[in-house]
Every structure is written in C-alpha cells, then in structure tokens.
Amino acid sequence: RKEFVDLYVNYVFNESIRKPFEDFMKGFLRGCPARRWMMFLPVELQVVLQGHPRCDWNLLQKNVKYSQYERLDQTIRNFWTVFHKLPEEKKKMFIAFLTGSDRIPGYVLEHFTFTIAKAEVENPDEFCPFANTCHHILFLPR
C-alpha cells in the first residue's frame, strides 16, 4: 500500500503536470531569462512579478507629490479623509485605478509615489477624478 500511495502521489504532483509545467517554464524563461532572476529569493521574485500584497496607507499618503495643490489644501484634506475611511478592498481598487494593478509595484514600498494634480476643467463639479496610469498621476478637480 505504501508503494502504491507513493507512486500515486508522485504521479499526481509530478508526472501528471510535467509537460504543462515544462511548456510554461519554456515560455517564461524565453521572456524572463533565468540568469537575471537567479539573484532573487523565491519570495522576492514573487514581489517583483506580482507587487506588494499589503500597503502602508499612511506611508503612501506621506510619499504623495502635489501639482498645483498643497498638502494642506481643503481638497487634499477632504480626499485623504475619505480615502482613510474606505475599507481595504476599496483602497486597493483605488490603487488599481491609479496604477492598473491592485498591488503596489514590486520595488521598495517606501519609494512608491504618485502625484495628485489639479484637473484643469471648466466646471469641476461636472467631472470625476481621472488617472494617468503610466505616470501614476491622479487628476483631481477642486
């Protein structure tokens, strides 16, 4: 029985997925050569590829840059008051709106920044905030 169980487990976890895994590995290594990734530990590679799963929202607020706004402007204070009241899921949705991903990109969290810029619109009450995901800019009407 032990031999049967060992062979069955080996088949399920190794042999049955060998071909699909080899195909995946071949494609992955074609786009991401292994010699460049060998410097990372597995957990570090996961962060590089997927981004950080958690975020320090106060640190994020501290690192924000402002264009045509000041940190103490009423619009900015209102924005952060509302933002910090959001549940975690909604905050991640904001990050996805801003960057295209619900995770902070894989470089050091302390250095991730985005810019809140004044949206130059005729009637700010008729416009919603919009974002430039490539440059991590949130355009916020007054």
Side-chain angles (χ1 to χ4, degrees), residues 1-121 124-142:
R1 279 186 265 170
K2 182 185 180 326
E3 181 183 4
F4 174 78
V5 170
D6 289 344
L7 290 171
Y8 184 75
V9 167
N10 182 53
Y11 173 77
V12 169
F13 289 113
N14 297 314
E15 299 302 322
S16 69
I17 63 165
R18 183 174 314 279
K19 177 71 171 122
F21 180 76
E22 286 173 355
D23 293 342
F24 165 78
M25 186 172 67
K26 184 176 165 184
F28 181 82
L29 292 177
R30 188 169 47 199
C32 304
R35 64 186 173 277
R36 294 193 180 152
W37 299 103
M38 293 196 59
M39 67 180 164
F40 295 108
L41 295 170
V43 70
E44 294 170 330
L45 182 59
Q46 182 178 7
V47 169
V48 168
L49 295 175
Q50 293 181 335
H52 293 280
R54 294 196 186 105
C55 185
D56 179 345
W57 303 113
N58 292 315
L59 179 61
L60 180 72
Q61 179 181 353
K62 187 180 118 189
N63 289 341
V64 169
K65 298 174 185 173
Y66 300 99
S67 176
Q68 300 171 322
Y69 277 118
E70 297 294 325
R71 186 175 55 86
L72 296 176
D73 284 348
Q74 188 63 44
T75 303
I76 299 301
R77 290 194 322 233
N78 290 345
F79 171 82
W80 288 113
T81 298
V82 170
F83 180 83
H84 286 297
K85 289 180 181 179
L86 294 172
E88 190 76 11
E89 181 182 318
K90 297 286 185 181
K91 289 177 183 175
K92 286 186 174 196
M93 288 173 72
F94 169 76
I95 293 297
F97 173 73
L98 181 66
T99 67
S101 172
D102 67 347
R103 293 177 179 220
I104 299 295
Y107 42 86
V108 183
L109 279 170
E110 291 81 23
H111 300 296
F112 176 76
T113 64
F114 73 92
T115 301
I116 297 178
K118 181 181 173 189
E120 298 292 338
V121 293
D125 292 334
E126 294 179 1
F127 286 88
C128 294
F130 56 98
N132 178 322
T133 57
C134 294
H135 298 284
H136 302 161
I137 301 172
L138 173 68
F139 293 97
L140 191 64
R142 281 213 181 259

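Starting from 1, each residue takes its place in the sequence as its number.
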Can you tell me if [X] has over 12 outside heavy atoms packed within less than 6.0 Å of its [atom1]?
| X | atom1 | answer |
| --- | --- | --- |
| Gln74 | CD | yes |
| Arg77 | CZ | yes |
| Glu22 | CD | yes |

Quiz prompt | Candidate pair Val64 and Leu138, rule side-chain contact (heavy atoms from CB on, under 4.5 Å), full reasoning | solution = CA-CA 10 Å; Val64 169; Leu138 173 68; over 6 Å; no
Quiz item: So, do His84 and Asn58 sit near enough that their side-chain heavy atoms are less than 4.5 Å apart?
Solution: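 Answer yes - side chains close enough.
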Considering all heavy atoms, the nearest [X]-[Y] contact:
| X | Y | value |
| --- | --- | --- |
| Arg142 | Gln68 | NH2-O, 2.9 Å |
| Leu98 | His136 | CD1-C, 3.9 Å |
| Pro141 | Ala119 | N-CB, 3.8 Å |
| Thr133 | Phe97 | CG2-O, 3.5 Å |
| Val12 | Ile17 | O-CG2, 4.4 Å |

What distance do [X] atom [atom1] and [Y] atom [atom2] have between them, rounded to the nearest 0.5 Å?
| X | Y | atom1 | atom2 | result |
| --- | --- | --- | --- | --- |
| Asn63 | Phe112 | CG | CZ | 9.5 Å |
| Ile137 | Thr99 | CD1 | OG1 | 13.5 Å |
| Lys62 | Arg71 | NZ | CZ | 11.5 Å |
| Thr75 | Ile116 | OG1 | CD1 | 10.0 Å |
| Lys2 | Leu7 | NZ | CG | 9.5 Å |
| Met25 | Phe28 | CE | CZ | 11.0 Å |

Exercise. Measure from the ring center of Phe94 to the ring center of Phe79 and say whether it is less than 6.0 Å.
Key: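 When the ring centroids of Phe94 and Phe79 are compared, they turn out to be within the sub-6.0 Å range.
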Self-check item: Side-chain donor/acceptor of Tyr66 to backbone N/O of Ile76, under 3.5 Å
Solution: no
Exercise. Name the orientation class of the two ring planes belonging to Phe83 and Trp57 (parallel below 30°, tilted from 30 to 60°, perpendicular beyond 60°).
Key: perpendicular
Exercise. Take the angle between the ring planes of Phe4 and Tyr8 and call it parallel below 30°, perpendicular above 60°, tilted in between.
Key: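 Ring orientation, 0 to 90° scale: parallel.
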Quiz item: Salt bridge or not for Glu15 and Arg18, using N-O below 4.0 Å?
Solution: yes
